[in-house]
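To keep things clear, I will list the structure first and then write my remarks on it.
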Amino acid sequence: MLQCVFLLSDSGEVMVEKQMTAHRVDRAICGWFWDYVLAHAAGDASKVLQVVVSPTHYLFQVYRNGVTFLACTQVEMPPLMAIEFLSRVADVLTDYLGDLNEDIIKDNFVLVYQILDEMMDNGFPLTTEPNILKEMIAPPNIVSKVLNVVTGKSSNLGNKLPDAAASFVPWRTTVVKDASNEVYVNIVEELDACVNREGALVKCEAYGKIQVNSSLPGVPELTLSFSNPTIINDVRFHPCVRFRPWESSQILSFVPPDGQFELMSYRVKKLKTTPIYVKPQLTSDSGNCRVNVMVGIKNDPGKPIDSITVQFRLPPLIASADLTANYGTVDILADQTCLWTIGQIPKDKAPSLSGNLRLEEGLTHLHTFPTFEVKFKIMGVALSGLQIDKLEIRNTPNAPYKGFRAQTQAGRYEVRS
């Protein structure tokens, strides 16, 4: 049972406080938590454990876009339930507000309170489906904001029970309006990789999501199958997915919500290669450090590799840096990060960055070498190799249009030097 939920800014300021039970939690717990963040993560809440034990409370936290969702309780409870609830709150607020940051929360704090009030009752999760919440609490728009200013009304609460509350599938309304009879399925993956200083691939995994945008009339039955489901690990499903067909045949059988939603997430382990290589070389002597970095295509995915960037933090005790590239642009940011923006790799030459780092007086060799972070995006392919076999749709008056798309981007892709 969660007793209180706080929303904190990146500076530790309490933006929203929602007491969930009659037992009031003192706001001082937020001060204790922020002292913990400063002591254990140098003020970066994204690097703190999601479960923290204070002298008086169990704390659960989820960090999203500069906003920390903090929940407190004094009784033992399943940690995953608290973390999943906070993640769902963050997802719902993002869906309502279009984005999530400190300014947006402050501009819509009344709406945030209303949503929290409906999502939990006396410390237990109640209504967490966006489909039902949007019928109970209207999403903000320009017209409603103007009317609220003119009339003095600040509530978006509806005056009737949502249709989905009476449905046997609560994530879907009984009557879908303006259904265009089409469904789109997207595979979105992030590639995490680690390359050691010898150039060997230490780790390479893909974290993926199956995102669906459904606009189907009635109560359709969908069945989605993969060509190679055995490569999938650590799956997590939307509540609409029936678990028994997946457990027996690795088939996703579900009645979809209307609109966009995440059908499932997964992980594919032990991938053998990455689409591009990054080869850094740093040699230091006599107070100088010579830098040379080469980038090229290692395993052609068959689609263009876009938005390639390589960045690294300049080592400490660097007096000056003179870095240039034969392709793309090089910028030294205010936080001493070198950002090399490449875009696409040209066919006629391999991009390379070179230059010199001047050490501070009294130093002859560089003792701390940077880690290079790589970003890229590939449209039209899932690097894990996951492929959709077929999508069957039943209980629709006409044959719907079906669209499929895949995308891979770099997640935490690091190259040691």
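Side-chain atoms of V183 and Y401, non-hydrogen and from C-beta on, never get closer than 4.5 Å to each other. Using a 4.5 Å heavy-atom threshold, the side chains of V110 and V112 count as separate. Side-chain contact between E129 and R88 is present, with heavy atoms from C-beta onward closer than 4.5 Å. Contact annotation: the side chain of V195 never approaches that of V278 to less than 4.5 Å [non-hydrogen atoms, C-beta and beyond]. Looking at I342 and F376, their side chains never come closer than 4.5 Å, going by heavy atoms from C-beta outward. For the pair P256/C240, no side-chain contact is recorded, criterion being any heavy-atom separation below 4.5 Å from C-beta on. Using a 4.5 Å heavy-atom cutoff, the side chains of I308 and I276 are in contact. Side-chain contact between M119 and V92 is present, with heavy atoms from C-beta onward closer than 4.5 Å.
No hydrogens or angles considered: a donor-acceptor pair under 3.5 Å links the side chains of E190 and Q409. Side-chain polar atoms of S286 and N288 form no donor-acceptor pair below 3.5 angstrom. Under the 3.5 Å distance criterion, with hydrogens and angles disregarded, no donor-acceptor pair is assigned to the side chains of E13 and S11. In the model, N395 has no side-chain atom that pairs as donor or acceptor with a side-chain atom of E221 under 3.5 Å. A side-chain donor from one of S384 and E189 sits under 3.5 Å from a side-chain acceptor of the other. Of the N and O atoms on the side chains of Y63 and D10, at least one donor lies less than 3.5 Å from an acceptor on the other residue. For the residue pair S180/S215, the side-chain donor-acceptor check at 3.5 Å is satisfied. Side chains of Q211 and E262: no donor on one and acceptor on the other come within 3.5 Å. Looking at Y207 and S265, their side chains never bring a donor and an acceptor atom within 3.5 Å of each other.
Nearest heavy-atom pair across L323 and G355 is CD2-CA, 3.7 Å. In plain terms, the two heavy atoms of V75 and Y58 that are nearest each other are O-CD1, 3.8 Å. Here the closest heavy-atom approach between residue M15 and residue S9 is recorded as CE-N, 3.9 Å. Across all non-hydrogen atoms, the minimal contact from P370 to P315 is CD-CG, 4.0 Å. Here the closest non-hydrogen pair linking A325 and V330 is CB-CG2, 3.7 Å. Smallest separation of non-hydrogen atoms from H23 and Q3: CD2-NE2, 3.7 Å.
Across F237, F261, F226, a single residue satisfies side-chain contact (heavy atoms from CB on, under 4.5 Å) together with I210, and that is F226. Across K270, R267, R412, a single residue satisfies side chain to side chain donor-acceptor pair (under 3.5 Å) together with E205, and that is R267.
Counting heavy-atom neighbours within 6.0 Å of K106 NZ, excluding the residue itself, gives a total above 12. Within 6.0 Å of the NZ atom in K18, the count of heavy atoms belonging to other residues, nucleotides or ligands exceeds 12. Counted within 6.0 Å of NZ on K47, heavy atoms from surrounding residues, nucleotides or ligands total 12 or fewer; the atom is thus considered open. Within a 6.0 Å sphere centred on CZ of R244, heavy atoms belonging to other residues, nucleotides or ligands number 12 at most. Counting non-hydrogen atoms of other residues, nucleotides and ligands closer than 6.0 Å to CD of E360 gives a total above 12.
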- Under the salt bridge (charged side-chain N to carboxylate O under 4.0 Å, His left out) criterion, do K390 and E392 qualify, and how do the steps go? CA-CA 6 Å; K390 60 182 177 180; E392 297 179 349; 3.4 Å; yes
- Task: Please report the C-alpha distance between Q50 and Q61 in whole Å, then the side-chain angles of each, then the deciding distance to 0.1 Å, and finally whether the side chain to side chain donor-acceptor pair (under 3.5 Å) criterion is met.
- Result: CA-CA 5 Å; Q50 290 188 294; Q61 70 94 15; over 6 Å; no
- Should L8 and C30 be marked as a side chain to side chain contact (heavy atoms under 4.5 Å, CB included) after you check the CA-CA gap, both sets of side-chain angles, and the distance that decides it? CA-CA 8 Å; L8 310 180; C30 297; 3.9 Å; yes
- Task: For the pair M120 and F85, evaluate side chain to side chain contact (heavy atoms under 4.5 Å, CB included) and give the outcome as yes or no after the intermediate values.
- Result: CA-CA 9 Å; M120 179 164 282; F85 174 76; 3.5 Å; yes
- Task: Please step through side chain to side chain contact (heavy atoms under 4.5 Å, CB included) for the pair I187 and R405, ending with a clear verdict.
- Result: CA-CA 6 Å; I187 300 178; R405 189 173 64 179; over 6 Å; no
- Query: side chain to side chain contact (heavy atoms under 4.5 Å, CB included) between D103 and I105: does it pass, once the steps are laid out?
  - Reply: CA-CA 5 Å; D103 293 332; I105 294 293; over 6 Å; no
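Side chain of N292 to backbone of Q281: no donor-acceptor contact under 3.5 angstrom is found. For N356 (side chain) and D322 (main-chain N/O), no donor-acceptor pair under 3.5 Å exists by modelled atom type. Put simply, the side chain of Y266 never gets that close to the backbone of A206: no donor and acceptor are under 3.5 Å apart. A donor-acceptor contact shorter than 3.5 Å is absent between the side chain of D26 and the backbone of R24. When atom types are taken as modelled, the side chain of T73 and the backbone of M1 share a donor-acceptor pair closer than 3.5 angstrom. With hydrogens and angles disregarded, no donor-acceptor distance shorter than 3.5 Å links the side chain of T68 to the backbone of L70. Side-chain atoms of S307 do not come within 3.5 Å of backbone N or O of G343 as any donor-acceptor pair. Within the 3.5 Å criterion, the main-chain N or O of E198 finds a donor-acceptor partner in the side chain of N196. No donor-acceptor pair under 3.5 Å is formed between the side chain of N186 and the backbone N or O of V188. Counting only distance, with no hydrogens or angles, the side chain of N108 and the backbone of I104 share a donor-acceptor pair below 3.5 Å.
We find that E182 and K402 are not joined by a salt bridge, their nearest charged nitrogen and carboxylate oxygen being 4.0 Å or further apart. Note on R290 versus D285: no salt bridge recorded, every NZ/NE/NH1/NH2 to OD/OE distance being 4.0 Å or above.
For F254 and H238, the ring centers are positioned 6.0 Å apart or more.
Aromatic ring orientation, F372 versus F312: tilted (interplanar angle from 30° to 60°). Between Y113 and F109, the ring-plane angle classifies as perpendicular under the 30° and 60° cut-offs.
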